[in-house]
A.B. asks: 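One structure, pasted below without further comment.
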Amino acid sequence: MTPDETPSNFIRDIIDESRASGSSEKIVTRFPPEPNGYLHIGHAFAIQVSYSIAKDYGGEFNLRFDDTNPAREETEYVEAIKEDVRWLGANYENRLYFTSDYFGQLYDWAVHLIQNGLAYVDDLSPEEMREYRGTLTEPGKNSPFRDRPAEESLALLEQMKDGAFKDGERVLRAKIDMAHPNINMRDPVLYRIIHTEHHRTGANWKIYPSYDFAHGQSDAIEGITHSLCSLEFEFHRPLYDWLLDNLPVPSRPRQVEFARLNVEYILTSKRKLLQLVSEGHVRGWDDPRMPTVSGFRRRGYTPESLNEFCYRAGVAKRERVNEYALLEYCIRKDLEEKAVRRMAVLDPVKVVIENFPEDETEFYDGPNHPANPDMGTRRVPLTKEIFIERDDFMEDPPRKFFRLGPGREARLRYACYITCTGFTKNEAGDIVEIQATFDPESRGGSTPDGRKVKGTIHWVSATENVPLEVRAYEQLFLKPNPDDAGEGQTFLDNLNSESEKVIRAYGELELAGAEPGDRFQFERKGYYTVDPDSTTEALVFNQTVTLRDSWAKKQKK
RNA sequence: AGCCUCGUGGUGUAAUGGUAGCACUAAGGAUUCUGGUUCCUUCUGUCGGGGUUCGAGUCCCUGCGAGGCUGCCA
């Protein structure tokens with residue numbers, strides 16, 4: 001699925017320049033998740049961008065957990081994220097790092113800044129700091145502690161490190177410019193006191209570096225050449241550069257920002273996804289309706305399809321929203337090629353083939369894939385009573401309806417022609433049974449007289465089948481922009497109450513023994529994957545995506 | 001409001017001063033034992049106004065529009 005021609009984008013242009021100018025020969029990128037939630041499709045995009053660039057330029061790709069805030073990070077997330085990154089195919093080999101590995105070095109660099117008059121310990125409270133910071137239009141003013149002697153700051157920083165102060169009592173700040181138009185340059189916080197155990201360093205540290213103080217230096221330690229991140233960090237770049245300029249770092253990385261990926265009907269906010277999980281609107285992070293990597297995996301998406309989607313979405317410098325149709329296109333395209341075909345009837349109605357012998361079974365061969373004979377064939381049993389799809393029959397069909405109706409002939413896929421001879425209804429007016437006869441001459445799917453049968457329908461023996469639980473999905477949200485809520489409402493008010501529908505269905509015999517994660521095309525219906533909830537007695541299938549249905553589209557008009 | 005970034009068909013993205021292209025979507029047609037797949041065709045675009053240039057989507061000015069930034073989050 002690697003694209004034949006990789007079109008240019010502005011990041012690759014920048015990299016081409018760096019290589020041309022000789023500033024970086026080998027390209028090294030990284031993905032720096034904070035372990036405080038599960039990865040979603042937006043992260044998959046970020047991974048795809050950084051990983052594919054490293055790969056295409058023969059460079060390296062690192063995975064680094066940005067664990068600078070012990071108050072919100074957990075080991076559970078570390079493991080889940082590692083699994084997701086691997087599943088997506090981004091190979092970081094043995095280059096798994098943690099910002100917490102660099103806490104010692106970072107501390108030494110903080111000392112270095114103080115010694116060079118470029119940082120100081122501030123005693124201002126958070127509220128006071130906010131007042132001193134100024135606003136978007138007005139400059140800030142210097143803290144009264146700004147010019148305290150370096151020795152004093154040094155001593156204070158050490159005390160902070162040793163736990164002499166409470167959370168929030170003091171902070172280490174860079175000494176830059178309180179009148180700077182970029183607020184990130186108004187003496188940003190470098191270290192803050194947090195008396196919380198860290199998931200990896202335990203109680204060793206009482207102070208933790210801020211993102212700004214940790215990120216660029218971590219990049220430099222790892223020899224990252226191009227630190228790719230999202231647009232909101234653009235405003236931090238001057239600070240990123242300032243720190244690297246003023247510290248004796250071993251390499252000089254460059255930060256390049258690009259726009260996040262947004263998709264219709266999909267939420268990519270860790271906070272909101274967490275809320276969906278914790279409030280039980282979905283069954284978990286890996287609910288097939290979730291836009292998480294694990295959700296897509298459980299839904300039946302392939303890593304290739306997700307990567308292709310991210311690739312096709314492209315890299316840009318402005319916020320954009322991609323159509324959901326592109327995502328569906330990518331998974332259909334991949335599964336069309338890979339998925340084994342099976343028949344399953346999702347909304348069954350019984351058909352009795354009157355001239356078919358009682359208690360007999362005929363077997364027909366069906367290819368596992370119409371275009372790939374290497375995938376083999378399977379045998380499908382035909383009996384006197386079968387199930388077909390309810391909407392493959394119409395009591396009073398229009399001309400263009402190619403399926404079954406009174407007096408109409410249709411082909412049972414892989415088997416024979418049947419002609420509808422009648423149907424019976426219950427008191428409620430529902431069709432409960434259809435009667436038909438089959439043409440013995442048509443066994444194998446055609447007749448000696450060569451007559452044309454336009455419609456082919458799928459079917460399953462009513463007696464020799466596998467009962468299935470099928471979970472059909474719609475969008476989790478009713479609106480393309482889930483955050484588009486009315487006055488006093490939230491994204492939760494846009495939840496689609498019918499996003500999951502559980503269906504009792506019948507599948508062909510060959511489906512028995514399918515394993516969780518196996519993917520199939522249920523012919524004429526869609527792609528389905530076996531859910532881990534399956535037991536040996538009860539198979540559960542998740543609908544990955546339906547097939548395109550131009551008939552349904554035509555009918556709507 | 002100040003600073004920064006960005007405006008190309010319906011959507012997403014190319015064109016690096018020289019024929020505005022590709023993909024998705026939509027519409028139509030061919031093929032087909034999946035109304036699927038595949039193949040073919042068609043529709044629709046450079047935010048507005050000036051300027052530089054033989055030539056501007058691209059460079060300059062200006063207007064308009066969109067997004068980001070006032071955590072001891074990342």
Side-chain angles (χ1 to χ4, degrees), chain A residues 5 7-10 13 16 32-34 36 66-69 71-73 122 124-126 129-130 133-140 167-173 180-184 186 188-194 207-208 210-212 214-215 229-238 257 259 261 264 270 312-330 332-333 336-337 341 343 366-367 369-371 400-403 410-415 417 444-446 453-458 521-526 546-555:
Chain A
E5 304 165 26
S8 164
N9 64 47
F10 76 96
D13 291 347
D16 290 339
E34 183 186 13
N36 68 343
D66 211 349
D67 53 353
T68 57
N69 188 347
R72 28 187 273 167
E73 295 152 6
D122 196 352
L124 250 32
S125 70
M129 260 187 70
R130 202 171 308 130
R133 184 158 38 229
T135 67
L136 261 17
T137 50
E138 305 153 24
D167 286 14
E169 273 187 356
R170 279 184 174 75
V171 81
L172 179 74
R173 302 177 73 177
H180 199 108
N182 181 340
I183 291 182
N184 289 305
R186 318 240 262 231
V189 169
L190 269 23
Y191 263 100
R192 70 279 210 218
I193 301 168
I194 304 175
I207 57 171
Y208 291 89
S210 63
Y211 164 84
D212 287 309
H215 206 92
C229 62
S230 48
L231 248 29
E232 71 259 36
F233 292 103
E234 197 175 325
F235 230 54
H236 293 248
R237 181 162 19 101
E257 312 86 11
L261 173 81
E264 291 175 334
K270 276 190 196 174
R312 282 171 180 265
V315 184
K317 236 181 147 153
R318 62 182 149 139
E319 289 295 337
R320 66 302 179 36
V321 181
N322 283 272
E323 288 179 335
Y324 195 85
L326 184 61
L327 224 199
E328 293 196 319
Y329 166 80
C330 291
R332 284 187 184 121
K333 181 179 171 225
E336 153 64 25
E337 191 185 320
R341 312 290 134 123
M343 291 195 289
H369 189 109
K400 292 291 198 73
F401 185 79
F402 306 138
R403 287 106 101 150
R411 174 165 37 228
L412 295 181
R413 184 127 167 101
Y414 306 129
Y417 298 171
S446 60
V453 172
K454 179 92 175 157
T456 299
I457 62 177
H458 62 282
Q521 183 197 98
F522 288 170
E523 298 204 59
R524 302 208 309 136
K525 298 308 290 184
T546 60
L547 253 32
R548 289 179 56 179
D549 189 349
S550 56
W551 168 246
K553 219 179 281 177
K554 198 173 290 182
Q555 273 190 312

A.B. asks: When the C1' atoms of G51(B) and G29(B) are considered, how many whole Å apart are they?
C.D. replies: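 Between the two C1' atoms, the distance is 49 Å.
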
A.B. asks: Report yes if the ring of F235(A) lies under 5.5 Å from the six-membered base ring of G68(B) with planes under 30°, and no otherwise.
C.D. replies: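 No, aromatic ring not over the base.
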
A.B. asks: Could you go through nucleotides 39-43 of chain B and list every protein N or O atom that sits under 3.5 Å from one of its N or O atoms, giving the distance for each pair?
C.D. replies:
none

A.B. asks: Looking for any heavy atom pair under 4.0 Å, which part of the strands does H180(A) touch: base, sugar-phosphate only, or nothing?
C.D. replies: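 Nothing, no nucleic acid heavy atom in range.
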
A.B. asks: Considering only the C1' atoms, how many Å lie between U42(B) and C4(B), rounded to the nearest integer?
C.D. replies: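 Result for the C1' pair: 43 Å, nearest Å.
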
A.B. asks: In which stems does RNA chain B show up, taking only runs of three or more Watson-Crick or G-U wobble pairs whose two distances fall under 3.5 Å?
C.D. replies: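 Counting only runs of 3 or more consecutive pairs, the stems involving RNA chain B are B:2-7 with B:64-69, B:10-13 with B:21-24, B:26-30 with B:38-42, B:47-51 with B:59-63.
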
A.B. asks: Check the interface with nucleotides 29-34 of chain B: list each N/O to N/O pair with the protein under 3.5 Å, or write none.
C.D. replies:
| from | atom 1 | to | atom 2 | distance (Å) |
| --- | --- | --- | --- | --- |
| C33(B) | O4' | R411(A) | NE | 3.0 |
| C33(B) | O4' | R411(A) | NH2 | 2.7 |
| C33(B) | O2' | R413(A) | NH1 | 2.9 |
| C33(B) | O2 | Y414(A) | N | 3.1 |
| C33(B) | N3 | Y414(A) | N | 3.1 |
| C33(B) | N4 | G444(A) | O | 2.1 |
| C33(B) | N4 | G445(A) | N | 3.2 |
| U34(B) | O5' | R413(A) | NH1 | 3.3 |
| U34(B) | O2 | Q521(A) | OE1 | 3.1 |
| U34(B) | O2 | R524(A) | N | 2.7 |
| U34(B) | N3 | Q521(A) | OE1 | 2.6 |
| U34(B) | O4 | R341(A) | NH1 | 2.4 |

A.B. asks: Using the C1' atom as the reference point in each nucleotide, state the distance between A26(B) and C60(B) in Å, no decimals.
C.D. replies: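 Their C1' atoms lie roughly 40 Å apart.
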
A.B. asks: Between F522(A) and M343(A), is there a side-chain heavy-atom distance shorter than 4.5 Å?
C.D. replies: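 A side-chain contact is absent here, since even the closest heavy-atom pair is not under 4.5 Å.
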
A.B. asks: Please enumerate all protein N or O atoms sitting under 3.5 Å from an N or O of nucleotides 45-47 of chain B, with distances to 0.1 Å.
C.D. replies:
none

A.B. asks: Given the P atoms of G21(B) and G57(B), what is the spacing between them in whole Å?
C.D. replies: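 Per the computed distance, 13 Å lies between those P atoms.
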
A.B. asks: At 4.0 Å (heavy atoms only), tell me whether Y324(A) reaches a base, stays on the sugar-phosphate, or touches nothing.
C.D. replies: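 If one applies the 4.0 Å heavy-atom cut-off, Y324(A) turns out to touch nothing in the nucleic acid.
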
A.B. asks: Take the protein atom NZ of K554(A) and the nucleotide atom P of A26(B), then report the distance between them rounded to whole Å.
C.D. replies: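 Going from K554(A) (NZ) to A26(B) (P), I get 14 Å.
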
A.B. asks: Using the test side chain to side chain contact (heavy atoms under 4.5 Å, CB included), find all partners of F401(A) that sit at least two apart in sequence or belong to another chain.
C.D. replies: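 M394(A), P397(A), P398(A), R403(A), R408(A), W551(A).
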
A.B. asks: Are any protein N/O atoms closer than 3.5 Å to N/O atoms in nucleotides 17-23 of chain B? If there are, list each pair with its distance.
C.D. replies:
| from | atom 1 | to | atom 2 | distance (Å) |
| --- | --- | --- | --- | --- |
| A23(B) | O2' | R312(A) | NH1 | 2.4 |

A.B. asks: Could you tell me which residues satisfy salt bridge (Lys or Arg N to Asp or Glu O under 4.0 Å) with R170(A), sequence neighbours excluded, listed by chain and number?
C.D. replies: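 R170(A) satisfies salt bridge (Lys or Arg N to Asp or Glu O under 4.0 Å) with D123(A) only.
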
A.B. asks: Check side chain to side chain contact (heavy atoms under 4.5 Å, CB included) between P181(A) and all other residues, then give those that pass, not counting sequence neighbours.
C.D. replies: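 In terms of side chain to side chain contact (heavy atoms under 4.5 Å, CB included), with neighbours along the sequence ignored, P181(A) is linked to no residue.
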
A.B. asks: Kindly point out which of U25(B), A74(B), G71(B) is positioned nearest to the side chain of Y211(A)?
C.D. replies: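 Per side-chain heavy atoms of Y211(A), the pick is A74(B).
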
A.B. asks: Check if the side chain of R403(A) and the base of G35(B) share a donor-acceptor pair of N or O atoms closer than 3.5 Å.
C.D. replies: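 Under the 3.5 Å cut-off, the side chain and the base do form a donor-acceptor pair.
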
A.B. asks: Write down the distance separating the P atoms in G50(B) and A15(B), rounded off to the nearest Å.
C.D. replies: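 Rounded to whole Å, the distance is 28 Å.
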
A.B. asks: What nucleotide among C72(B), C6(B), G36(B) has an atom nearest to a side-chain atom of R548(A)?
C.D. replies: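 Out of C72(B), C6(B), G36(B), the nucleotide with an atom closest to R548(A)'s side chain is G36(B).
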
A.B. asks: List the residues meeting side chain to side chain donor-acceptor pair (under 3.5 Å) with N36(A), not counting sequence neighbours, and say none if there are none.
C.D. replies: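 Result, side chain to side chain donor-acceptor pair (under 3.5 Å) vs N36(A): E34(A), K270(A).
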
A.B. asks: Please give the distance between the P atoms of G12(B) and A66(B) as a whole number of Å.
C.D. replies: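 Roughly 16 Å separates the two P atoms.
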
A.B. asks: Among all residues two or more places apart in sequence or in another chain, which pass the side chain to side chain donor-acceptor pair (under 3.5 Å) test with E337(A)?
C.D. replies: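 Side chain to side chain donor-acceptor pair (under 3.5 Å) check on E337(A) returns nothing, list empty.
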
A.B. asks: Please pick, from C73(B), C24(B), G2(B), the nucleotide with the shortest atom-to-atom distance to any side-chain atom of R192(A).
C.D. replies: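 Nearest nucleotide to the side chain: C73(B).
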
A.B. asks: L124(A) near the nucleic acid: base, sugar-phosphate alone, or nothing, with a heavy-atom cut-off under 4.0 Å?
C.D. replies: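 Counting heavy atoms under 4.0 Å across all strands, the contact made by L124(A) includes a base.
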
A.B. asks: Measure the shortest side-chain to side-chain distance between R320(A) and N322(A) over non-hydrogen atoms and say whether it is less than 4.5 angstrom.
C.D. replies: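 Result yes, sub-4.5 Å side-chain heavy-atom pair found.
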
A.B. asks: Taking atom types as they are modelled, would you say the side chain of S8(A) forms a donor-acceptor pair with the base of U16(B) within the 3.5 Å cutoff?
C.D. replies: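 It does, because a donor-acceptor pair links the side chain of S8(A) to the base of U16(B) below 3.5 Å.
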
A.B. asks: With a 4.0 Å cut-off on heavy atoms, is D167(A) in touch with a base, just the backbone sugar-phosphate, or nothing at all?
C.D. replies: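 No contact.
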
A.B. asks: Which residues pass the side chain to side chain contact (heavy atoms under 4.5 Å, CB included) test with R130(A), not counting sequence neighbours?
C.D. replies: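 If we apply the side chain to side chain contact (heavy atoms under 4.5 Å, CB included) test to R130(A), skipping adjacent residues, the hits are R133(A).
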
A.B. asks: Give F233(A) one of three labels, base, sugar-phosphate or nothing, depending on what nucleic acid heavy atoms sit under 4.0 Å from its own.
C.D. replies: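 Base, at least one base heavy atom under 4.0 Å.
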
A.B. asks: Using the side chain to side chain contact (heavy atoms under 4.5 Å, CB included) criterion, which residues pair with H369(A)? Sequence neighbours excluded.
C.D. replies: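 Applying side chain to side chain contact (heavy atoms under 4.5 Å, CB included) to H369(A) gives E336(A), R341(A), A371(A), N372(A), M375(A).
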
A.B. asks: Atom CZ of R320(A) to atom P of G10(B): distance rounded to whole Å?
C.D. replies: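 Taking atom P of G10(B) as the reference, CZ of R320(A) is at 19 Å.
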
A.B. asks: Base, sugar-phosphate or nothing for E323(A)? Non-hydrogen atoms, less than 4.0 Å.
C.D. replies: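 Counting heavy atoms under 4.0 Å across all strands, the contact made by E323(A) includes a base.
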
A.B. asks: Would you classify N322(A) as touching base, sugar-phosphate or nothing, given that sugar-phosphate means primed atoms plus P, OP1 and OP2, and contacts are heavy atoms under 4.0 Å?
C.D. replies: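 Touches sugar-phosphate only.
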
A.B. asks: Name the nucleic acid region contacted by S125(A), choosing base, sugar-phosphate or nothing; use a 4.0 angstrom heavy-atom cut-off, strictly under.
C.D. replies: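 Base, at least one base atom sits under 4.0 Å.
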
